[in-house]
Amino acid sequence: IKGNGKNKIWIGTNNGLNLLDTKTNEITRYDLMSNTSNNVRDDHISSLLFDADNTLWVGTGNGLYTVENIANPKLKRMFSSTNSANSLSGKLISELFQTNDGNIWLGTKKSGLYLISKDEKLIHLNHFSSAKNSFSYPWIASIVQPNDSEMWIGTYGQGVFIVDAV
């Protein structure tokens with residue numbers, strides 16, 4: 001659940017993305033199915049993030065979307081090319097986090113950690129080595145940035161890793 005402070009609350013469920021207008025109590029459902037090929041369902045919403053530009057990022061069980069115009073919402077599928085090694089198609093996005101410098105970090109279930117740079121380049125961060133520890137675990141549960149130099153990565157079953165912010 002994410003709100004944008006303008007009487008609108010976005011709700012991600014196992015059955016899709018919904019927008020609640022708190023003034024009218026009207027709910028609008030957004031069909032992510034129309035944005036996919038081969039009838040792959042994207043109804044499972046696993047994470048939501050409003051970035052500093054007020055763009056809503058939507059992590060699903062099958063990739064990533066953005067909603068760029070909150071006043072007149074339009075869904076855009078991100079990094080979905082099946083021919084690219086850095087495609088997010090078919091990946092469950094378990095966590096979304098924007099760093100202090102504006103990059104978006106994505107945690108996935110089974111595919112590890114990704115970074116989307118401010119110029120929207122996707123980078124697979126599949127291994128970290130630092131003075132603190134080595135990290136290559138693929139199931140990401142949470143991401144936080146306690147300071148400008150560190151990222152804390154919570155995993156399913158392997159604890160927390162502290163890595164250098166990229």
Any donor and acceptor pair, going by atom type alone, linking the side chain of [X] with main-chain N or O of [Y] inside 3.5 Å?
X      : Y      : answer
Gln98  : Ala52  : yes
Lys118 : Asp101 : yes
Ser94  : Gly107 : yes
Thr155 : Ile140 : no

Are Phe50 and Ile45 in one and the same hydrophobic cluster, where Ile, Leu, Val, Met, Phe, Trp and Tyr link if side-chain heavy atoms are under 4.5 Å apart?
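Linked within one cluster.
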Sort and list the pairs that fulfil side chain to side chain donor-acceptor pair (under 3.5 Å) and have at least one residue in residues 46-56, not counting sequence neighbours.
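Sorted result for residues 46-56: Asp51-Trp57.
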Verify salt bridge (charged side-chain N to carboxylate O under 4.0 Å, His left out) between Lys121 and Asp119, making sure each step is shown before the conclusion.
CA-CA 6 Å; Lys121 288 191 170 54; Asp119 58 352; 3.4 Å; yes
Report yes if the side chains of Val160 and Ile153 come closer than 4.5 Å at any heavy-atom pair, otherwise no.
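A side-chain contact is absent here, since even the closest heavy-atom pair is not under 4.5 Å.
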Distance alone, cut at 3.5 Å: any donor-acceptor contact between the side chains of Asn15 and Thr13?
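Asn15 vs Thr13: no donor-acceptor pair found between side chains.
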Does the side chain of Asn62 pick up a donor-acceptor pair with the side chain of Thr60 at under 3.5 Å?
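The criterion, which ignores hydrogens and geometry beyond distance, is not satisfied for Thr60 and Asn62.
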Going by side-chain heavy atoms closer than 4.5 Å, which hydrophobic residues are tied to Leu92, directly or by a chain of links?
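Besides Leu92, the cluster holds no residue at all.
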Could you walk me through whether Asn100 and Gln145 satisfy the side-chain contact (heavy atoms from CB on, under 4.5 Å) test, starting with their C-alpha distance in whole Å, then the side-chain angles of each, then the deciding distance to 0.1 Å, before giving a yes or no?
CA-CA 8 Å; Asn100 297 338; Gln145 184 179 25; 3.4 Å; yes
Whether Trp10 and Tyr30 hold their rings parallel, tilted or perpendicular, with breakpoints at 30° and 60°:
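Plane angle between 30° and 60°, so tilted.
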